[in-house]
Amino acid sequence: PMQLHGQVFRGPDGRATRLLGLVIDMNAQVEAAAKIEQQAREQQLTIERLDMATQAAGIGIWDFNLLTGQLSGDTHMARVFQQRDKNKFPDAQSFIKSVIHPDDVALFERTIAKGIKYGNSVEHQYRSVEPDGSIHYAQLTGKIFRDESGRPVRMLSITVDNTRLIEAAAKIEQQARDQQGIIDRVKLAVEAAGISIWEWDLPSNKVVVDERMVSPALYQKFGDSMAADSFVEQVLPADRPAFAAVMRDAVKHHEHVSHRYRVQKANGGCSHLQLHGRILRDAAGKAQRIMGVTWDITEQALAAAEIAR
């Protein structure tokens, strides 16, 4: 493209007699303008993408002029604090009084003041009080800018609403406490009833037991995990064939197993035990584990034997 500039000269009667002109090659200027326009479009696209990302993530961006005390934020900052019709506060104190939970104000002010005085960045989590009275949790991350003399002049920060994350963590923590409470109560009931809990991992042929399940000597030797053969050796020799047959049949054909058997005691006597277990299988139907409980029924067995005599 070419750019023409000219001047028309006229005679005494006003008639045009001469045209003096200048023609300029505008290629470089047009290309530069096109490049600037493209850069502007790309920058606008980047801004829009950033705007969408911050909106989706619940992030507010704000700018604190440390010389004037004025605090201004984007529309998402207003949204974070449920003040959709505002994106400016007269000063930082107005923000603190209208947004931050009273119990968090002192620590907030100390943290920001320390960051401005000594550092180049600041991070702080605090609670905010929304117009409807609800409590939200916000995470602030800021960068302090200084002039050539080192004087702080500006703090540019982002604020993230962490309320859902904090509430979810608190809920999980409460659920964990509730579950532990249930486990403790079940454990207490199991101990009071003399019930032992065990697990037999079939692929590894390992049995995990509690201390009441096996003899003190066996527990001292192997702890709470032992080979299944060592576990079965507790069973009286006369009862082992039946014990093994019942377990093999349950693993092969059933979902549950129930069996009574005797174990050798350290003093030479024996105890009568009742076993109940459930066979757990994989998607192909292959048995993987047996989860079971066992309790001492010696008194009942002896009483029944006495009645039978």
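What you are looking at is a predicted structure, and each value in this text was computed from that prediction instead of being measured. FYI, side chains are in, hydrogens and waters are out, and symmetry mates aren't considered; it's all heavy atoms of this structure.
Applying the side chain to side chain contact (heavy atoms under 4.5 Å, CB included) test to A284 and every residue at least two apart in sequence or in another chain returns D282. In this structure, N120 has no side-chain hydrogen bond (donor to acceptor under 3.5 Å, both in side chains) partners at least two apart in sequence or on a different chain. With sequence neighbours excluded, the residues satisfying side chain to side chain contact (heavy atoms under 4.5 Å, CB included) with I166 are Q125, Y137, N162. Contacts of H101 classified as ring pair (Phe, Tyr, Trp, His ring centres under 6.0 Å), with partners at least two apart in sequence or in another chain: none. Remark: D184 engages no residue in a salt bridge (charged side-chain N to carboxylate O under 4.0 Å, His left out) (not counting sequence neighbours). Take Q300 and apply the side-chain hydrogen bond (donor to acceptor under 3.5 Å, both in side chains) test, not counting sequence neighbours, and it matches no residue.
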Show which side-chain atoms of residues 270-280 pair as donor or acceptor with protein atoms under 3.5 Å away, not counting sequence neighbours.
unit_1, atom_1, unit_2, atom_2, d
Q274, OE1, R260, NE, 2.6
Q274, NE2, S258, OG, 3.2
Q274, NE2, H259, O, 3.4
H276, ND1, S258, OG, 3.1

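Heavy-atom contacts from other residues, nucleotides or ligands closer than 6.0 Å to CZ of F9 number more than 12. The environment of E299 atom CD is sparse: at most 12 non-hydrogen atoms of other residues, nucleotides or ligands sit within 6.0 angstrom.
Under the 4.5 Å side-chain heavy-atom criterion for Ile, Leu, Val, Met, Phe, Trp and Tyr, L156 and V160 are members of the same hydrophobic cluster. Under a hydrophobic clustering in which Ile, Leu, Val, Met, Phe, Trp and Tyr are joined whenever their side-chain heavy atoms come within less than 4.5 Å, directly or via other members, V105 and I116 fall into the same cluster. Hydrophobic clustering (side-chain heavy atoms under 4.5 Å, transitive across Ile, Leu, Val, Met, Phe, Trp, Tyr) keeps L202 apart from V208. Two different hydrophobic clusters hold V257 and M291 under the rule that ILVMFWY side chains link at heavy-atom gaps under 4.5 Å. No path of Ile, Leu, Val, Met, Phe, Trp and Tyr side chains, each step under 4.5 Å between heavy atoms, connects L236 with V246, placing them in separate hydrophobic clusters.
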Subject >> Trace of the side chain to side chain contact (heavy atoms under 4.5 Å, CB included) decision for T294 with Y261 >> reply: CA-CA 10 Å; T294 300; Y261 62 98; 3.8 Å; yes
Subject >> Derivation and outcome, side chain to side chain contact (heavy atoms under 4.5 Å, CB included), residues F64 and R154 >> reply: CA-CA 6 Å; F64 184 16; R154 181 187 181 198; over 6 Å; no
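Ion pair E255/R281 flagged as a salt bridge, since at least one NZ, NE, NH1 or NH2 atom sits closer than 4.0 Å to an Asp/Glu carboxylate oxygen. For R289 and D201, the salt-bridge test fails: no basic side-chain N is under 4.0 Å from an acidic carboxylate O.
Other members of a hydrophobic cluster containing I172 are absent, since no ILVMFWY side chain comes under 4.5 Å of it, directly or through relayed contacts. Chaining together hydrophobic side chains whose heavy atoms lie under 4.5 Å apart leaves I307 on its own.
Of all non-hydrogen atoms in V207 and A228, the two that sit nearest each other are CG2-CA, 3.8 Å. Across every non-hydrogen atom of S157 and G142, the tightest pair is OG-CA, 3.2 Å.
Using cut-offs of 30° and 60° for the angle between ring planes, the W198 and F231 rings count as tilted.
Within the structure, salt bridge (charged side-chain N to carboxylate O under 4.0 Å, His left out) contacts touching residues 166-176 (residues at least two apart or in different chains) are E173-R177. Annotation: salt bridge (charged side-chain N to carboxylate O under 4.0 Å, His left out) contacts involving residues 141-153, sequence neighbours excluded, comprise D147-R151. Pairs engaging residues 95-124 under the salt bridge (charged side-chain N to carboxylate O under 4.0 Å, His left out) rule: D104-R127 [sequence neighbours left out].
T111 places a side-chain N or O within 3.5 Å of a backbone atom of L107 that can act as its donor or acceptor partner. With R240 contributing its side chain and E233 its backbone, the two residues share a donor-acceptor pair below 3.5 Å.
A 4.5 Å side-chain heavy-atom check between M155 and F145 finds every atom pair outside the cut-off. Within the 4.5 Å cutoff, no side-chain heavy atoms of Y126 are placed close to those of Q139. For the pair D161/H136, a side-chain contact is recorded, criterion being any heavy-atom separation below 4.5 Å from C-beta on. The shortest side-chain heavy-atom distance between V129 and I135 falls under the 4.5 Å cut-off.
Exactly one of I144, L67, N65 qualifies for a side chain to side chain contact (heavy atoms under 4.5 Å, CB included) with V153. That residue is L67.
Here the straight-line distance linking atom NZ of K252 with atom CZ of R248 works out to 10.0 Å at 0.5 Å rounding. Between the CZ atom in R10 and the CZ atom in R15 there is a gap of 11.0 Å [rounded to 0.5 Å].
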